[in-house]
There are 2 protein chains.
Amino acid sequence: MNSGTSYRQSRQRRRILQLLKETHTHPTVDWMYQQLKPEFPKLSLGTIYRNLSILTEQGLVNKIKSGSTFDRFEANTGTHYHFICESCGCMQDLEMPVRKDLNDEARQFTNFDVQKHQIHFFGLCSDCRSKKTAD
Amino acid sequence: MNSGTSYRQSRQRRRILQLLKETHTHPTVDWMYQQLKPEFPKLSLGTIYRNLSILTEQGLVNKIKSGSTFDRFEANTGTHYHFICESCGCMQDLEMPVRKDLNDEARQFTNFDVQKHQIHFFGLCSDCRSKKTAD
DNA sequence: ATTATATTAATAATCGTTCCGATTACTGTT
DNA sequence: AACAGTAATCGGAACGATTATTAATATAAT
Ligand SMILES: [Mn+2]
Ligand SMILES: [Mn+2]
Ligand SMILES: [Zn+2]
Ligand SMILES: [Zn+2]
């Protein structure tokens, strides 16, 4: 990546972060590429990947292993839970408070040093839900 | 896969299931391949993948998207939570009871049809923990 | 402006997984 | 026991997502 030395600023990286900040859809690399391509006609996928990993390293962005074959990203770096629609695959934030007590509970059942946890809820999003009842 | 018609029996599939039943390490495809290769010298990776997906379809096996670049599998098909060591990457079952009430709680914060959830706990496993204090 | 080097675009390489065609192995029928 | 039908196999090619390489370009400091 960039061992030790300082980072410069680039239009591309600035826009990638900005784009992540103004959306709540947990975008994929490909989606971001499509979005920014008109603006940077010579944009390459490698640039997206490299900058996302720099931004992640800097703590400005979260990489989400969504359970699909591809990763998702978000600028919302605070801990929170996710809902994933099993029909359309969309991923949405849950406002639900984080249950740190679950870590304590987990500790009671092991001798592991449990530090954090992640919850993914699954089901049907509101859109897919109404589509289903419409037949 | 095999639409409608019945499955035959094969030594390979039988052994793949058996192997999964006698281990608790949530094996990767590659590990299973290494294990069974001596027993089936002409074994191919495709055979492991195909049979795991048949067994999964039959509900005898769970595919786990572990958050790594590769998938893991288990014959323990009941719902349960996992602990993942951030140092060595091992994955272990938690005896902790499943909190179905979390689904209800999640429903209060959305209009989604929340059906199930998954929890991954992270930290240091007992082995890595003791290695760390040993310096 | 000159310089040093971080960043880029383009492309090749890698990784885990799925797909394919030719061959082999089951299983039920004559 | 020979046969026919068709799953299951092997080996390798193809695939999609990601990472690595390299020469050209952009950025920031002097
Ligand atoms: Mn989120
Ligand atoms: Mn398990
Ligand atoms: Zn949906
Ligand atoms: Zn460990």
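The structure displayed is predicted, hence computed values, not measured ones. What's counted below: heavy atoms across the whole structure, side chains too, no hydrogens, waters or symmetry copies.
Across the protein-nucleic acid pair, B:I48 atom CD1 and D:dA8 atom C1' stand 14 Å apart, rounded to whole Å. In this structure, CD of A:E39 is placed 14 Å from P of C:dT8, rounded to the nearest angstrom. Spacing between atom OH of B:Y7 and atom C1' of C:dT27 amounts to 18 Å, rounded to whole angstrom units. When the P atom of C:dC19 is taken as reference, atom CD1 of B:I54 falls 13 Å away, rounded to whole Å. With rounding to whole Å, B:L17 atom CG is found 15 Å from D:dA8 atom P. Residue A:R15 contributes atom CZ, which lies 19 Å from atom P of C:dT7 at whole-angstrom precision. A straight line from CD of A:Q9 to C1' of C:dT7 spans 12 Å, rounded to a whole angstrom. Atom-to-atom, OH of B:Y33 to P of D:dT9 comes out at 14 Å; the value is rounded to the nearest Å.
Applying the 6.0 Å contact sphere to CD of A:E95 captures no more than 12 heavy atoms from other residues, nucleotides or ligands. For NZ of B:K100, the number of neighbouring non-hydrogen atoms (other residues, nucleotides, ligands) closer than 6.0 Å is 12 at most. Heavy atoms of other residues, nucleotides or ligands lying less than 6.0 angstrom from NZ of A:K37 number more than 12.
An OP1 or OP2 oxygen of C:dT8 is reached within less than 4.0 angstrom by no side-chain nitrogen or oxygen of A:R11. Taking only side-chain nitrogens and oxygens, B:R8 never comes nearer than 4.0 Å to OP1 or OP2 of C:dA25. Between A:S10 and D:dA26 there is no side-chain polar atom (N or O) within less than 4.0 angstrom of OP1 or OP2.
Transitive grouping of hydrophobic side chains (ILVMFWY, heavy atoms separated by less than 4.5 Å) keeps A:I64 and A:F73 in distinct clusters.
Although no hydrogens or angles enter the test, the distance criterion places a donor-acceptor pair under 3.5 Å between the side chain of B:R72 and the main chain of B:H26. Of the possible polar contacts, one joining the B:R129 side chain to the A:N111 backbone as a donor-acceptor pair under 3.5 Å is found.
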- Message: Within the 4.0 Å limit for protein heavy atoms, which parts of nucleotides 10-19 of chain D are touched? Write it as a string from 5' to 3', B for base, S for sugar-phosphate only, - for none.
- Response: BB-----SBB

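Counting heavy atoms from C-beta on, the side chains of B:H117 and A:F121 come closer than 4.5 Å.
Among the protein residues, A:N51 comes within range of the sugar-phosphate backbone only, with heavy atoms under 4.0 Å from sugar or phosphate atoms but none that close to a base.
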